[in-house]
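Heads up: the structure comes next, in structure tokens.
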Number of protein chains: 2
Amino acid sequence: MARAVKRSSDGGDARRERWRAHREARREEFVDATIRALTKHGPDVGMDEIAAEAGVTKPVLYRHFADKSDLYLAVGQRGTDLLMNRLKPALVDEGTPYERIYRAVDSYLATIEEFPELYHFVVRRSFTDKPVETDIATEDKRIIANTLARLLGDYLRAFDMDSGGAEPWAHAAVGMVQAAGDWWLERQSMTRQSLSDYLTKIIWFAVDGLLRSGGIAIDPQVPLSLQPNPPLRLVEPDTQGEDGDDRRARG
Amino acid sequence: MARAVKRSSDGGDARRERWRAHREARREEFVDATIRALTKHGPDVGMDEIAAEAGVTKPVLYRHFADKSDLYLAVGQRGTDLLMNRLKPALVDEGTPYERIYRAVDSYLATIEEFPELYHFVVRRSFTDKPVETDIATEDKRIIANTLARLLGDYLRAFDMDSGGAEPWAHAAVGMVQAAGDWWLERQSMTRQSLSDYLTKIIWFAVDGLLRSGGIAIDPQVPLSLQPNPPLRLVEPDTQGEDGDDRRARG
DNA sequence: GAGTTACCGTTACTTCCGGTAACACTAATC
DNA sequence: GATTAGTGTTACCGGAAGTAACGGTAACTC
């Protein structure tokens, strides 16, 4: 694949960009169809059914996705984007500690409430024969937990406390919210607000206890002034290179 | 085929019991073979390979397990038993609140540390084509969380507090430990004891905060005298009947 | 307008694997 | 010897993932 382009000065690859954008759009279109097929036929959809839902036949699907897991990953990525776009402002925006925790928790719950099929598809890994190693939900949790760990670690260090507990703490918090959300989504025996409140309290208690054990006491109702540096970001620093294309239409 | 049994008074079905025990033993033998095959061939083992590992061919396997998910469930059950047998004493035995939390958390972590392949098999649901609806890990978490919810709810009610938060709290706690354990198992960057300590602290802070917000303050280093009634048990009240065999060796 | 590129789309196939049918043998009980 | 409840085999079925091979079309270059 190395430099197979004929390099016809610069006119030749004018198409390239167009095609690339087209492929991208087509993939998204298939992801949409997959989600539709998923809600229609349940989690055991076959590739034929997905293709039919998209109005094409199987080989077309396979031109855009290497195999079923690839499609699965793309569907998961859709969910990830959805969630991250909501979680990010909740975490980075200013406010009192209590508010920030609440916003984060509640925006998560709101997201899974709004897209329950997508959520279930991602967490129960129904579908996909082989992959295993690339699990969307685990990966997402890892990303969010890392972000939280940095956030909390910065605060702990700012208070001259041992920051070693930040990482397990972050993973614990993420797992906690996920598990509680899963339970809540299944049998909605309380309002979302109540659950968000409970979870926020629990998280706050844990943070507060951690700080108190280091001799620090802060007021959950007073905004913290500490600015994490460098600024917080949710995405992994993997797909860096040149990503000037992070502007995308969002319906 | 109705009433093909000759009902030879009562001597006839003396065999029955023997066969039943035999079948039971055979199933366990196959579960062992599955676990061996699993660690040998990775999570994508085929039924042929499992059968070969057990020294037989496929149809024999299918005499004892309805399908692949059935086998999967049996393997999962093995893990569940293992875990529950360790968790139960940790939860029911006496001690200070801190001790009890610590024991429960640490015995969980010890278990997954000792059987990492089994753990991974159960949580990443690699394997199994269709089932989905019967997920071991989720079920286990539900059972443990229900037990915890009852435990905490009893305490809350004993203190005349609102016990509505017990259930989400319990699911949150379970998810927390599981997520932290998962993270720890993957990259063991701290000792088990450290993690158990951190988690115990977090859980205790959450409990303490919950109680304090209700005006109650208890000392984590002083045993609680409240005896849950009826006595705590971890298993679901499904396979009841006659279970006189709850006396079991504990290594 | 011929050639090239990079898609669109189809039908018909292969492969793999979970699961089954059919058949033969053995040990215990009555 | 009949019956029951197992042991085990080889050879097959069926469904779904994935592929081969074929033909069509729009855009751009020369």
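Keep in mind that the numbers below use all heavy atoms, side chains included, and drop hydrogens, waters and symmetry copies. Lettering of chains follows the sequences in order, A, B, ..., and the numbering in each one begins at 1.
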Looking at [X], I'd like to know whether one of its side-chain N or O atoms comes within less than 4.0 Å of OP1 or OP2 on [N].
X     : N     : answer
B/H64 : D/dA5 : no
B/T57 : D/dG8 : no
A/R26 : C/dG9 : yes

Distance, rounded to the nearest Å, where [X] contributes [atom1] and [N] contributes [atom2]:
X     : N      : atom1 : atom2 : result
B/E29 : D/dG8  : CD    : C1'   : 13 Å
B/D67 : D/dG14 : CG    : P     : 19 Å
B/E49 : C/dC16 : CD    : C1'   : 12 Å
B/F30 : D/dG8  : CZ    : C1'   : 11 Å
B/K58 : C/dA22 : NZ    : P     : 17 Å
A/D70 : D/dA17 : CG    : C1'   : 14 Å
A/D48 : D/dG14 : CG    : C1'   : 14 Å
A/E24 : C/dC7  : CD    : P     : 12 Å

Among A/L87, A/L83, A/L91, the one residue meeting side chain to side chain contact (heavy atoms under 4.5 Å, CB included) with A/S107: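 In the set A/L87, A/L83, A/L91, the residue that makes a side chain to side chain contact (heavy atoms under 4.5 Å, CB included) with A/S107 is A/L87.
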Geometric class of the A/F30/A/F65 ring pair [parallel <30°, tilted 30-60°, perpendicular >60°]: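 Ring orientation, 0 to 90° scale: perpendicular.
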Parallel, tilted or perpendicular: ring planes of A/H171 versus B/W183, cut at 30 and 60 degrees: parallel
Nearest-nucleotide 5' precedence on DNA chain D, A/Y62 against B/G55: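 Looking at the nearest nucleotide for each, B/G55 comes out on the 5' side.
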Nearest-nucleotide 5' precedence on DNA chain D, B/H22 against B/P59: B/H22
Nearest listed nucleotide, side chain of B/R23, among C/dT10, D/dG18, D/dG6: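 For the B/R23 side chain, the nearest candidate turns out to be D/dG6.
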Closest to the B/V60 side chain, choosing from C/dG19, D/dG8, D/dA17: D/dG8
Crowding at CD, B/Q188 (>12 non-hydrogen neighbours, <6.0 Å): yes
Side-chain donor or acceptor of B/W169 paired with backbone N/O of B/A149 under 3.5 Å: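 No: the side chain of B/W169 does not pair with the backbone of B/A149.
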Donor-acceptor pair present, B/R63 side chain and D/dG6 base, under 3.5 Å: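 No such pair is found, so the answer is no.
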